[in-house]
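One structure below.
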2 protein chains.
Amino acid sequence: MMKIQELDADRLDMAANMLKAIAHPMRIAILKHLEAGKRLTVTEIHELLGIEQSTTSHHLGILKDKGVLCSRREGKNTFYYLKHDTLSQIVDCLQRCTCGE
Amino acid sequence: MMKIQELDADRLDMAANMLKAIAHPMRIAILKHLEAGKRLTVTEIHELLGIEQSTTSHHLGILKDKGVLCSRREGKNTFYYLKHDTLSQIVDCLQRCTCGE
DNA sequence: GAGACAAATGCAAATATATAAATATATTAT
DNA sequence: ATAATATATTTATATATTTGCATTTGTCTC
């Protein structure tokens with residue numbers, strides 16, 4: 001039998017891990033490109049952002065591992081996309097909050 | 001004269017710093033209590049969450065420093081509150097995304 | 001199978017973050 | 001000024017993250 005508090009703590013940890021995964025300039029930039037159900041390959045992202053292939057893959061791995069993205073291999077390519085569409089809200093919110101400061 | 005890319009990079013950094021500030025179980029718990037324009041003192045939060053006073057102040061300092069919270073001193077107390085009401089969206093979104101996994 | 005392309009992994013150095021304990025500052029009341 | 005209460009800062013140690021490079025694994029075409 002598990003206490004409610006533990007459940008809460010577990011969910012808080014999960015939420016913190018998701019946010020930690022997103023909380024990186026490059027990974028926010030990645031999410032901006034994946035709004036509205038878009039699917040992109042590792043190479044497309046690495047070219048869009050101008051960062052190393054291995055670095056790109058690493059960032060995508062973190063986002064996938066923490067439940068932010070899903071991936072699907074199709075032939076030579078692996079497409080990445082948002083696990084929950086609603087996650088775009090976070091990017092939108094950040095965009096609004098960093099407008100005028 | 002500043003390039004657009006630099007502006008983008010600056011905003012991404014600012015956004016990442018805000019998120020990094022939020023991405024911690026205790027700090028998410030703090031934000032949950034500050035929804036809907038609520039204002040709470042350091043002591044209230046430290047009693048609500050059952051964590052050390054100095055730890056509480058430290059967390060609040062991080063949230064304020066990174067632009068998530070504002071504070072206002074009134075007598076002996078310092079009240080903390082959300083800088084942008086819209087930031088509650090992030091907590092709401094996390095709550096939805098960590099429901100069933 | 002060999003070669004080409006796409007993606008993932010292991011590694012190491014630099015950098016960043018968390019935590020708690022101790023200390024310091026600010027405000028009010030006496 | 002002193003004591004009491006409320007916050008904030010400092011410090012040190014432990015731990016985690018970022019990054020590029022080199023390597024490896026997976027997939028397709030020939």
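Letters A, B, ... are given to chains in the order of the sequence lines, protein chains preceding strands, and every chain is numbered from 1. Just so you know, these numbers use all the heavy atoms, side chains as well, and skip hydrogens, waters and symmetry mates.
Annotation: the terminal axes of the helix from dG1(C)-dC30(D) to dT30(C)-dA1(D) meet at 30°, where each axis is the rotation carrying the C1' atoms of four end pairs onto the next four (5 pairs per end, rounded to 10°).
No engagement by Thr56(B) is indicated, since no non-hydrogen atom pair under 4.0 Å with the nucleic acid exists. Within the nucleic acid shown, Phe79(B) has no heavy atom closer than 4.0 Å to any nucleic acid atom. Counting non-hydrogen atoms under 4.0 angstrom, Thr78(A) reaches the backbone sugars and phosphates but no base.
Look at Tyr80(B) and you won't find any side-chain N or O under 4.0 angstrom from OP1 or OP2 of dA6(D). The phosphate of dA7(C) (OP1 or OP2) has a side-chain N or O of Asn77(A) nearer than 4.0 angstrom.
Residues forming a side-chain hydrogen bond (donor to acceptor under 3.5 Å, both in side chains) with Lys38(A) (at least two apart in sequence, or on another chain): none. The side chain to side chain contact (heavy atoms under 4.5 Å, CB included) check on Asp92(B) picks up Glu35(B), Gln95(B), Arg96(B), with sequence neighbours excluded.
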Check residues 68-77 of chain A and write down every donor-acceptor pair under 3.5 Å in which the side-chain atom is one partner and the other belongs to a residue at least two apart or another chain.
{"from": "Ser71(A)", "atom 1": "OG", "to": "Lys64(A)", "atom 2": "NZ", "distance (Å)": "2.8"}
{"from": "Arg72(A)", "atom 1": "NE", "to": "Glu74(A)", "atom 2": "OE2", "distance (Å)": "3.1"}
{"from": "Arg73(A)", "atom 1": "NE", "to": "Gly75(A)", "atom 2": "O", "distance (Å)": "3.2"}
{"from": "Glu74(A)", "atom 1": "OE2", "to": "Arg39(A)", "atom 2": "NH2", "distance (Å)": "3.0"}

Which side-chain N or O atoms in residues 40-48 of chain A pair as donor and acceptor under 3.5 Å with protein atoms at least two apart or in another chain?
{"from": "Thr41(A)", "atom 1": "OG1", "to": "Glu44(A)", "atom 2": "N", "distance (Å)": "3.1"}
{"from": "Thr41(A)", "atom 1": "OG1", "to": "Glu44(A)", "atom 2": "OE1", "distance (Å)": "3.4"}
{"from": "Glu44(A)", "atom 1": "OE1", "to": "Thr41(A)", "atom 2": "N", "distance (Å)": "2.8"}
{"from": "His46(A)", "atom 1": "ND1", "to": "Ile51(A)", "atom 2": "O", "distance (Å)": "2.7"}

Atom pairs and distances, side-chain donor-acceptor, residues 18-32 of chain A, under 3.5 Å, sequence neighbours left out:
{"from": "His24(A)", "atom 1": "ND1", "to": "Met26(A)", "atom 2": "N", "distance (Å)": "3.1"}
{"from": "Arg27(A)", "atom 1": "NE", "to": "Ala21(A)", "atom 2": "O", "distance (Å)": "2.4"}
{"from": "Arg27(A)", "atom 1": "NH1", "to": "His59(A)", "atom 2": "ND1", "distance (Å)": "3.0"}
{"from": "Arg27(A)", "atom 1": "NH2", "to": "Ala21(A)", "atom 2": "O", "distance (Å)": "3.4"}

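Cys93(B) contributes atom SG, which lies 8.5 Å from atom NE2 of His84(A) (distance to the nearest 0.5 angstrom). In this structure, the separation between CD1 on Ile90(B) and SG on Cys97(B) is 11.5 Å, given to the nearest 0.5 Å. Atom CD1 of Ile62(B) is separated from atom CG of Asn17(B) by 11.5 Å, given to the nearest 0.5 angstrom.
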Heavy-atom protein contacts under 4.0 Å, nucleotides 14-30 of chain D, coded B base, S sugar-phosphate only, - none
----SBBBB---SBS--

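Look at CG on Leu60(A): it is 11 Å from C1' on dA8(C), rounded to the nearest Å. dA6(D) atom P lies 11 Å from atom CD of Glu44(B), rounded to whole Å. In this entry the distance linking CG of Leu69(A) with P of dA7(C) reads 14 Å, nearest Å. Look at CG on Asn17(B): it is 12 Å from C1' on dT17(C), rounded to the nearest Å. Note: CG (Leu63(A)) to C1' (dA8(C)) measures 15 Å, nearest angstrom.
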